[in-house]
Amino acid sequence: MSDRVKNIVVGGLIALLTVLVVGLVATNQSPGDRVESIGSRIKCPVCQGESIADSPASMAVDMMALVEERVAAGASNDEIVSELLGSFTGAVLLDPPASGSTLLLWLAPLTALLMGIGIIAWWKRHPGEEPISPAAERTAPALANRRLIGGLIVIGGLVLIVGVAAALIQDGAGAASGAAEIGTDNLDDVSNETMEAVIAANLDNTEINGMRLALAERYFETGDYRNAFPHFLAVAESPIATNDQATISLVRLGWMAYDGNGEVETATDLLDQALALSPGSPVALYIKGQVLWCGADNPVDASTLFAEILAQPDLSDDTRARVEADLALASTGDDCV
C-alpha cells in the first residue's frame with residue numbers, strides 16, 4: 001500500500017473515530033437533558049400524539065415531575081420508563097423500533113467498541129515498513145510521521161473503547177442505585193388521577209400507604225366518601241401500615257360509617273379498634289364522643305370521653321376550646337351541635 005493511500009485511510013479512520021467519540025460524549029447527558037429525553041419518549045396518556053415532555057396536561061406534568069424525581073434519585077432510564085409504563089394506563093413508548101433505518105442507532109455503541117478494538121489489532125499486525133533510521137527520518141520526514149500517526153490511531157482506539165466502557169459503567173451504576181422510594185412529600189401539585197395510577201402500580205411498595213392516606217384525606221375533606229373509603233380501608237387492613245396510619249384510617253372509616261350511612265354500631269366498633277391501637281388518641285376519643293352524643297343520644301358517655309381528652313396536657317388551644325364547649329353542652333344534656 002502506498003504512503004498516499006495509507007494517509008487517506010488513516011485520515012478517514014481518525015475522522016470516523018472523532019465522530020464516534022463525539023457521539024459517545026453527547027450521550028453523557030445532564031440530569032435536565034435526561035429528564036427531557038425520557039419525557040420525549042413517552043406518549044401522554046390523555047393527549048393526541050404528544051409526549052409528556054411537550055404536553056401541558058396535568059397528568060403529563062405529574063409524569064414529568066416523577067421522571068425528574070427518579071433521575072435525581074439515580075434511577076436508570078430503563079427503570080424510569082418501565083415505571084411510567086406500568087403506572088399510567090395509556091402511556092406508550094414513542095421510540096422507533098430497532099429495525100430498518102433506526103437499527104444503526106441502536107447498534108452504534110457496540111459497533112464503536114468493535115471498531116476501536118479492530119483498529120488497534122490492525123495496527124499491531126501492520127506497524128509499517130522496516131524500521132527507519134535517524135538518517136532516513138531526516139531525509140524522509142513523511143516516513144518519520146508514520147510512528148506519530150500510528151500512535152494517534154492507537155490512542156484514538158483506546159479513547160473509543162474507554163468512552164464506550166464509561167457509558168456502560170454509568171448506565172450500570174444508575175441501574176444499581178434503584179428507583180427512589182415513593183415519597184409523600186410535596187404532593188400538593190400532584191393530581192388525584194396521577195396518585196391513583198401510581199398507587200395501583202405499586203400496591204406492594206412499603207411506602208405506598210403514605211400516598212394512600214394523602215389521597216384519601218383529599219377525598220375525605222371534600223366529602224367524597226365513596227373514593228376515600230377504599231383507600232382508608234386498604235391502609236387499615238395493611239400488614240405494613242404503621243400504628244398511626246392504621247389508627248387514623250379506622251377513625252376516618254368510623255366517621256364515614258356514621259356520617260355517610262348513619263351506622264352508629266359500626267362506627268363505634270371501628271373507633272374502638274382505633275383506640276385499641278392507640279389508647280388515649282384525642283381524635284379517636286373525640287369522634288367516638290360525637291357518634292355517641294349525636295348518633296346514639298348518649299351525652300353521658302360522650303361527656304366522659306370529652307373529659308378524658310381534656311385531661312391530656314399537650315392539646316392545642318383550639319382543640320381544648322372546642323372540646324370544652326362540647327363537654328359543657330353534653331354534660332347538661334343538650335343536643336349535639
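The figures that follow rest on heavy atoms only: side chains count, while hydrogens, waters and symmetry mates do not.
Considering L250, V251, T268, L253 in turn, L250 is the only one that fulfils the side-chain contact (heavy atoms from CB on, under 4.5 Å) rule with Q273. Partner V264 forms a side-chain contact (heavy atoms from CB on, under 4.5 Å) with one of V291, D297, D269 and no other, that one being V291. Evaluated for a side-chain contact (heavy atoms from CB on, under 4.5 Å) with W293, the options L305, D335, L329, V300 yield exactly one hit, L329.
Classified by interplanar angle (parallel below 30°, tilted 30° to 60°, perpendicular above 60°), the ring pair H231/Y219 is parallel.
Sorted by first then second residue, the ring pair (Phe, Tyr, Trp, His ring centres under 6.0 Å) pairs that include residues 267-288, not counting sequence neighbours, are Y286-F306.
Listed here is the closest heavy atom pair of S281 and T247: OG-CG2, 4.3 Å. Closest approach of A216 to A228, counting heavy atoms only: O-CB, 3.6 Å. The two residues V198 and M211 have their closest heavy-atom pair at CG1-SD, 3.8 Å. Residue M256 comes nearest to F229 through the heavy atom pair CE-CA, 3.9 Å, listed as atom of the first residue, atom of the second, then distance. Pairing each heavy atom of A284 with each of L271, the nearest pair is O-CD2, 4.2 Å. Across R226 and P230, no two heavy atoms sit closer than the pair O-CD, 3.1 Å.
Contact check for I80 versus R34: side-chain heavy atoms found under the 4.5 Å cut-off. The closest side-chain heavy-atom distance from D326 to Q290 is below 4.5 Å. At least one side-chain heavy atom of W255 sits under 4.5 Å from a side-chain heavy atom of Y225.
In this structure, E263 places its CD atom where more than 12 heavy-atom neighbours from other residues, nucleotides or ligands lie under 6.0 Å away.
Checking N192 against E196 by side-chain atom types alone, no donor-acceptor pair falls below 3.5 Å. Using modelled atom types and a 3.5 Å distance limit, the side chains of D244 and S278 yield no donor-acceptor pair. In the model, E83 has no side-chain atom that pairs as donor or acceptor with a side-chain atom of N202 under 3.5 Å. Side-chain contact, T332 with D334: a donor N or O sits under 3.5 Å from an acceptor N or O.
A donor-acceptor contact shorter than 3.5 Å is absent between the side chain of S238 and the backbone of A234. Distance alone, capped at 3.5 Å, places no donor-acceptor pair between the S55 side chain and the I52 backbone. With hydrogens and angles ignored, the 3.5 Å screen pairs a side-chain donor or acceptor of N243 with a backbone N or O of L277. For Q312 (side chain) and G280 (main-chain N/O), a donor-acceptor pair under 3.5 Å exists by modelled atom type. A distance-only check finds a donor-acceptor pair linking the side chain of S249 to the backbone of Q245 [under 3.5 Å].
Here the straight-line distance linking atom CD of E237 with atom CG of L233 works out to 4.0 Å at 0.5 Å rounding. Here NZ of K288 is found 10.5 Å from OG1 of T304. Values are rounded to the nearest 0.5 Å. Distance CD/E324 to OG1/T319: 11.0 Å, rounded to 0.5 Å. Between atom CE of residue M64 and atom SG of residue C44 there is a gap of 11.5 Å, rounded to the nearest 0.5 Å. Annotation: the span from L270 atom CG to I287 atom CD1 amounts to 12.5 Å, rounded to 0.5 Å. Atom OG1 of T266 and atom OH of Y258 lie 13.5 Å apart (nearest 0.5 Å).
We find that R218 and D224 are not joined by a salt bridge, their nearest charged nitrogen and carboxylate oxygen being 4.0 Å or further apart.
Residues V61 and M63 do not share a hydrophobic cluster, clusters being chains of Ile/Leu/Val/Met/Phe/Trp/Tyr side chains in contact below 4.5 Å.
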Check: Passes side chain to side chain contact (heavy atoms under 4.5 Å, CB included), L215 versus I199? Steps please.
Finding: CA-CA 10 Å; L215 179 58; I199 290 168; 3.8 Å; yes
